[in-house]
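Okay, so here's the structure we're looking at.
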2 protein chains.
Amino acid sequence: MKDVAEHAGVTLSTVSYVLNDSGPVSESRRARILDAIRVLKYTPNESARRLRKKAASTIGLVLPDLTNQFFALVAEGVELAAAEGEALVMLCAPEAINRPIQHYTRLLRGQSLDGIIYLPGGAGMALSLSLELAEAGPVVMVDERVRGFDVPTVVADSRSGAREVATHVLAQGHRRLAIIGGPQALWTSEQRLSGYREAIAAHGLHPDAVPVLEGNHREGSGAAIAARLLAAPPDERPTALLCANDLMAFGVLDYCQSAGLRVPQDVSVTGFDDIPVARLTSPGLTTVRQPAHAMGYEAAKLLFELIRTPASAPPPQPPVFTTEVQVRGSVGPAPG
Amino acid sequence: MKDVAEHAGVTLSTVSYVLNDSGPVSESRRARILDAIRVLKYTPNESARRLRKKAASTIGLVLPDLTNQFFALVAEGVELAAAEGEALVMLCAPEAINRPIQHYTRLLRGQSLDGIIYLPGGAGMALSLSLELAEAGPVVMVDERVRGFDVPTVVADSRSGAREVATHVLAQGHRRLAIIGGPQALWTSEQRLSGYREAIAAHGLHPDAVPVLEGNHREGSGAAIAARLLAAPPDERPTALLCANDLMAFGVLDYCQSAGLRVPQDVSVTGFDDIPVARLTSPGLTTVRQPAHAMGYEAAKLLFELIRTPASAPPPQPPVFTTEVQVRGSVGPAPG
DNA sequence: TTGTAGGCGTTATCAG
DNA sequence: CTGATAACGCCTACAA
């Protein structure tokens with residue numbers, strides 16, 4: 001920068017002015033400076049810049065893992081919004097590195113990030129951790145809520161999505177259902193469960209008649225639970241399995257195929273999320289669409305708004321996205 | 001930090017010494033300082049730190065998009081290696097934000113990153129762009145090569161993988177093949193194509209007898225090309241489609257299903273990458289496994305090594321991963 | 001073993 | 001409109 005100043009025959013301050021246009025500069029000088037910058041291929045040193053201002057033009061993105069396409073889509077949404085705000089994204093995937101979130105809270109705190117997008121999902125959703133994260137900057141949550149952690153949050157209406165998909169299944173005549181839920185501690189798990197139960201109650205079934213098994217949102221757990229559930233004789237085992245996310249539903253599909261069970265003739269299956277590959281299984285997976293990309297995008301937008309908002313002003317109001325059942329082949333009429 | 005020093009009754013340098021253990025400090029003082037740090041919940045300001053040293057403990061990761069699970073897996077591998085090296089990862093997904101890489105080269109240059117992992121894939125694989133990226137720090141490439149851009153590169157042996165899967169298809173008696181390739185400009189596209197052709201030549205077929213259509217590595221292009229290819233009458237159209245990645249193969253599968261073509265009875269399909277969901281289509285996709293996670297991990301390790309290596313020393317030797325055909329249901333004997 | 005002082009590249013506050 | 005100058009928070013010779 002000093003070089004630029006010399007090359008243009010001005011002082012550092014003037015250069016700084018044109019860089020941030022934070023001061024009045026005569027056209028002739030401005031042109032000379034811009035020129036010098038190009039000639040010398042000068043790039044401002046961001047580290048110095050953040051030291052001085054307290055902003056980093058960088059936001060943190062904390063999510064469980066990237067291999068679940070749902071999360072990947074959220075990440076792309078965040079990335080897009082960040083790009084529009086000329087910011088960069090720090091990726092933190094605690095489960096991918098098999099360490100507690102603390103690993104990141106420690107690293108992130110010093111970065112003077114502008115803010116953080118937090119999508120809890122695995123084991124690390126405890127309140128204390130959230131608070132710790134919050135010390136690294138303003139936080140916006142996506143897809144999940146943490147009780148007692150009161151930050152702007154972008155979610156979809158899981159509950160009514162679950163209700164609708166369960167209603168669809170019940171309308172096909174199924175009466176012996178089973179639910180493969182997500183980790184109990186998660187808000188979404190609870191929401192989806194209530195949704196399922198509302199539908200079940202509305203059809204006059206006793207909630208206790210529907211077993212709920214806890215999965216971990218990954219394929220393997222779907223397959224394992226299906227194996228347990230479907231081992232019973234045909235006239236006792238469930239005729240429909242409601243899964244709290246698509247990955248577990250894939251696991252179920254996979255198990256059924258290897259066990260020689262036909263979907264949907266022998267057993268119907270539903271998922272949740274509607275990740276792109278859900279269309280591609282065969283039969284296609286009946287599931288509940290959540291606008292993952294839009295959710296990530298809005299969350300990041302919200303974060304930027306939050307950053308700009310003076311602390312006194314009312315916090316921006318986050319939207320609640322609607323969900324939508326996608327009917328495909330994996331649900332059919334109840335057998336018998 | 002000043003507060004810490006006061007609280008512990010020492011000077012700033014002493015605190016700095018214990019922080020980086022870069023100087024001898026008496027046990028008693030060290031303990032007092034550590035204590036003060038804990039009490040005050042002090043976190044070093046990374047911005048200041050990088051300004052002083054020239055390292056950021058941060059690496060950049062540039063890849064086309066995250067929704068392709070292959071890339072997501074690479075990203076997780078990188079993330080893991082970064083965590084082991086106590087570094088953070090800056091995520092850059094140019095296609096997700098629908099802008100040229102330049103958007104990032106500009107942003108990255110000022111960050112004084114320790115280095116960059118670069119996985120070209122979409123439109124942005126030109127040499128000039130790579131060089132521009134290299135100005136932001138040492139670069140390691142994964143999965144692709146760019147001619148004339150000579151940096152350490154981690155790849156898998158696409159060519160022999162392609163050869164083997166084609167051989168498998170030919171061994172099933174298929175003679176009317178078609179290839180759905182990736183973007184021509186990519187090194188992997190070229191490699192896979194040569195692999196396919198080697199196998200084809202080895203079976204005495206004339207290479208020109210096998211049409212090659214160029215896709216863009218996404219589902220949609222697979223479906224579109226399949227539609228064109230399979231419109232011909234049954235005894236003229238190809239009996240097997242070799243796709244340069246799994247996503248395009250999914251597109252083909254999808255098209256076949258909607259067009260009422262049975263896989264593999266009417267047409268056989270192969271993919272490339274073996275992303276986790278490839279097991280879940282039905283029939284399962286016969287494809288070529290690339291160790292995506294390991295490749296990302298090794299690339300990041302390599303980058304760290306490169307950073308440590310004095311410029312004079314010989315650059316570390318990158319491994320070439322082997323590929324492996326995964327035989328599943330999407331390939332069957334040739335009809336007739 | 002500990003303290004002092006200079007500077008990393010910017011921005012912001014002043015006075016000209 | 002422009003130019004000096006003091007921080008920002010940390011590291012590292014060097015001196016004590």
Side-chain angles (χ1 to χ4, degrees), chain A residues 1-37 40-58 86-88 106-114 135-137, chain B residues 1-37 40-58 86 106-114 135-137:
Chain A
M1 174 156 154
K2 207 171 54 190
D3 296 347
V4 172
E6 274 173 22
H7 189 101
V10 298
T11 52
L12 280 63
S13 359
T14 317
V15 176
S16 177
Y17 288 153
V18 343
L19 247 37
N20 317 278
D21 43 36
S22 53
V25 177
S26 69
E27 271 318 314
S28 61
R29 280 167 188 251
R30 147 167 280 118
R32 282 222 309 285
I33 290 173
L34 255 23
D35 197 61
I37 287 179
L40 303 181
K41 301 181 77 176
Y42 161 78
T43 315
N45 178 324
E46 288 301 327
S47 310
R49 203 166 222 186
R50 342 187 152 176
L51 177 56
R52 195 51 242 253
K53 323 171 34 159
K54 253 101 192 325
S57 287
T58 303
E86 302 283 285
L88 288 167
R106 221 159 24 83
L107 259 59
L108 290 180
R109 276 199 31 207
Q111 304 290 137
S112 57
L113 293 183
D114 294 343
E135 284 172 12
Chain B
M1 175 154 154
K2 207 172 53 187
D3 295 347
V4 173
E6 273 174 20
H7 188 102
V10 298
T11 52
L12 281 68
S13 16
T14 319
V15 176
S16 178
Y17 289 154
V18 343
L19 247 36
N20 317 281
D21 43 37
S22 52
V25 179
S26 69
E27 270 318 315
S28 63
R29 280 168 190 253
R30 147 168 279 121
R32 284 223 308 285
I33 291 173
L34 255 22
D35 196 61
I37 287 179
L40 269 19
K41 301 183 76 174
Y42 161 79
T43 316
N45 179 325
E46 288 301 327
S47 312
R49 202 165 222 188
R50 335 185 157 181
L51 178 55
R52 194 53 240 265
K53 324 173 31 159
K54 254 96 194 318
S57 287
T58 302
E86 302 284 283
R106 220 159 25 83
L107 259 60
L108 254 29
R109 276 198 30 206
Q111 304 289 137
S112 57
L113 294 183
D114 294 342
E135 285 174 11

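Only this structure's heavy atoms are used, side chains among them; waters, hydrogens and symmetry mates stay out.
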Protein-nucleotide distance (B/Glu6, atom CD; C/dG3, atom C1'), rounded to Å: 15 Å

Using heavy atoms to find the nearest nucleotide of DNA chain C for B/Thr11 and A/Lys2 separately, return the residue whose nucleotide is more 5′. B/Thr11

Roughly, in whole Å, what's the span from CG in B/Asn20 to P in D/dT12? 7 Å

Answer yes or no: side-chain N or O of A/Ser16 and base N or O of C/dA12 forming a donor-acceptor pair under 3.5 Å. no

Can you measure A/Glu46 atom CD to C/dG9 atom C1' for me and round it to whole angstrom units? 11 Å

Between A/Arg50 and A/Asn45, is there a side-chain donor-acceptor contact under 3.5 Å, judged purely by atom types and distance? no

From CG of B/Leu51 across to P of D/dT12 the rounded distance in Å is 13 Å

For C/dT2, does either OP1 or OP2 sit under 4.0 Å from a side-chain N or O belonging to B/Arg29? yes

Once you round it to whole Å, what is the distance between P of D/dG9 and CZ of A/Arg109? 15 Å

Do B/Leu19 and B/Ile33 pass the side chain to side chain contact (heavy atoms under 4.5 Å, CB included) test, and can you show the C-alpha distance, the side-chain angles, and the key distance before you say yes or no? CA-CA 9 Å; B/Leu19 247 36; B/Ile33 291 173; 5.7 Å; no

Does A/Arg52 make a side-chain donor-acceptor contact with the base of C/dA12, cut-off 3.5 Å? no

Look at B/Arg49 and D/dT12 and indicate whether a side-chain polar atom (N or O) is within less than 4.0 Å of OP1 or OP2. no

Side chains of A/Ser112 and B/Ser47 only: does a donor on one sit below 3.5 Å from an acceptor on the other? yes

Looking only at heavy atoms, the pair that brings B/Leu34 and B/Val18 closest together is CD1-CG2, 3.7 Å

In whole angstrom, give the distance that lies between atom CZ of B/Arg32 and atom P of C/dT1. 15 Å

Taking the nucleotide of DNA chain C with the nearest heavy atom to each, does A/Leu12 or B/Gly9 sit closer to the 5' end? B/Gly9

At under 4.0 Å, does any side-chain N or O of B/Lys53 touch on OP1 or OP2 of D/dT12? no

For the student: nearest non-hydrogen atoms of A/Leu12 and A/Met1, plus distance: O-CE, 3.6 Å

Can you find a side chain N or O atom of A/Asn45 that sits less than 4.0 Å from OP1 or OP2 on C/dC8? no

Base of C/dT1, side chain of B/Thr14 - is there a donor-acceptor contact under 3.5 Å? no

Whether B/Lys54 contacts C/dG9 is assessed here as follows: a side-chain N or O lying under 4.0 Å from the phosphate OP1 or OP2. Is that the case? yes

Would you state whether a donor and an acceptor, one from the side chain of A/Tyr17 and one from the base of C/dT10, lie under 3.5 Å apart? no

Let me know the distance between CE of A/Met1 and P of D/dA4, rounded to the nearest Å. 13 Å

State whether the distance check finds a donor on one side and an acceptor on the other, under 3.5 Å, for side chain A/Tyr42 versus base C/dG9. no

Do any side-chain nitrogens or oxygens of B/Ser26 fall under 4.0 Å of OP1 or OP2 in C/dT2? yes

